[in-house]
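Below: one structure, written as structure tokens.
Only a predicted model underlies this, so the values are computations on that prediction, with no experimental measurement involved. Note on naming: letters A, B, ... go to the chains in the order of the sequence lines (proteins, then strands), and numbering restarts at 1 for each one.
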Amino acid sequence: MLSASHPKTDFRPLTRAALPRDTIEQARFLLGRLVVHHTPDGMLSGRIVETEAYPPGDAAMHAYRGVTPRNRSLFLRHGHAYVYICYGTSLMLNVSSEAAGIGAGVLIRALEPLTGIPQMMQARATTKLRDLARGPGRLAMAMRIDKRLDGVDLCTGGALHLAEDDALPPRIDISMRIGLTKDAHRLLRFSVAGSRFVSGKQIRHGEGSALEPPGPGAPDPLT
DNA sequence: AGTGCGATTGACT
DNA sequence: GTCAATCGCACTA
């Protein structure tokens with residue numbers, strides 16, 4: 001019989017045609033979709049519940065000052081992985097989000113674990129389900145994502161890929177991106193309303209709406 | 001070749 | 001709530 005907690009074993013990979021070629025659209029689109037990683041230890045997967053958009057021209061975006069060895073994956077056609085190390089210890093998973101040659105990406109910040117939960121608990125050295133992939137560094141550790149996956153195509157059914165999900169669309173909360181020192185005021189963080197697997201402090205219910213997305217030039221409420 | 005700084009996390013008061 | 005570990009990389013000289 002079916003239930004909400006019934007573990008899925010068969011996913012429909014996300015095609016590039018279905019993935020928006022626009023950073024902010026993609027950040028919203030990915031909420032509720034899945035990250036799937038086939039490893040020698042089994043299939044690890046989780047539902048995306050939190051993203052951040054780093055669009056072209058954003059001073060906080062890693063490709064802001066052009067191509068470097070680290071950020072080159074951001075310039076790949078939308079749907080490729082950009083994996084980098086932050087603060088010397090934490091790996092971050094991004095999805096490139098614009099046409100080839102345009103640097104931009106969506107940071108995947110948190111997952112609701114679906115399959116491979118015991119393996120995730122082992123990798124994260126905790127049994128707390130809520131903390132397995134709540135935060136970008138934790139997410140990468142739980143999903144066994146490493147720098148070798150930098151630059152891989154997430155839309156061609158490789159070991160690491162994105163997938164569709166049936167439970168769509170979620171209600172979306174909107175807030176400021178976390179941890180930035182540049183362009184921190186922009187409302188480019190998106191999360192599934194009510195999810196317990198979202199990182200950071202919970203924002204007040206009703207502050208964001210899927211019906212009223214803030215454009216890149218949305219008025220800044222803090223200045 | 002040297003320097004400064006993070007898209008974080010976990011430990012601690 | 002506060003705070004420091006940690007190191008790859010971009011930038012300067």
Could you tabulate the donor-acceptor pairs under 3.5 Å formed by side-chain atoms of residues 136-143 of chain A, not counting sequence neighbours?
| from | atom 1 | to | atom 2 | distance (Å) |
| --- | --- | --- | --- | --- |
| A/R138 | NH1 | A/R134 | O | 2.9 |

Reckon A/K147 touches a base, only the sugar-phosphate, or nothing at all at heavy-atom distances under 4.0 Å? sugar-phosphate

Please list all pairs meeting side chain to side chain donor-acceptor pair (under 3.5 Å) that have one or both residues in residues 79-88 of chain A, counting only residues at least two apart or in different chains. A/H62-A/Y82

Just checking, A/R186 and A/Y54: is the charged tip under 6.0 Å from the six-membered ring centre and within 45° of the axis? no

Between atom CG in A/D183 and atom C1' in B/dG6, what is the gap in whole Å? 15 Å

Using a cut-off of 4.0 Å between protein heavy atoms and nucleotide atoms, how would you tag nucleotides 8-13 of chain B 5' to 3' with B, S and -? BSS---

Residues that, via side-chain heavy atoms closer than 4.5 angstrom, fall in one hydrophobic cluster with A/Y64: none

Can you check the A/R65 CZ to C/dC11 P distance for me, whole Å? 7 Å

Could you check how far CG of A/D150 sits from C1' of C/dC9, rounded to whole Å? 13 Å

Stem ranges of DNA chain B by first residue number, counting only runs of at least 3 Watson-Crick or G-U pairs under 3.5 Å, come to B:1-6 with C:7-12, B:8-12 with C:1-5

Within residues 72-79 of chain A, which residues have any heavy atom lying less than 4.0 Å from an atom of DNA chain C? none

Taking atom P of B/dG6 as reference, at what distance in whole Å does atom OH of A/Y54 sit? 13 Å

Rounded to the Å, how far apart are A/Y82 OH and B/dA7 C1'? 9 Å

Among pairs that include at least one residue of residues 97-133 of chain A, which meet ring pair (Phe, Tyr, Trp, His ring centres under 6.0 Å), considering only residues two or more places apart or in two chains? none

In whole angstroms, the gap separating P of B/dG4 from NZ of A/K182 amounts to 16 Å

Could you name each residue pair satisfying ring pair (Phe, Tyr, Trp, His ring centres under 6.0 Å) that touches residues 103-154 of chain A, not counting sequence neighbours? none

Quick test of your reading: applying ring pair (Phe, Tyr, Trp, His ring centres under 6.0 Å), list the pairs with at least one residue in residues 143-162 of chain A, sequence neighbours left out, ordered by first then second residue. A/H38-A/H161

Salt bridge (Lys or Arg N to Asp or Glu O under 4.0 Å) contacts touching residues 64-92 of chain A (sequence neighbours left out): none

Does A/R70 reach a base, just sugar-phosphate, or nothing at all? Heavy atoms under 4.0 Å. sugar-phosphate

I need the full list of ring pair (Phe, Tyr, Trp, His ring centres under 6.0 Å) pairs touching residues 106-149 of chain A, with sequence neighbours left out, sorted by first then second residue. none

Going by salt bridge (Lys or Arg N to Asp or Glu O under 4.0 Å), name the pairs with one or both residues in residues 99-120 of chain A, residues two or more places apart or in two chains. A/R47-A/E112, A/E50-A/R109, A/E52-A/R109

Is any side-chain N of the basic residue among A/D131 and A/R196 closer than 4.0 Å to the acidic one's carboxylate O? no

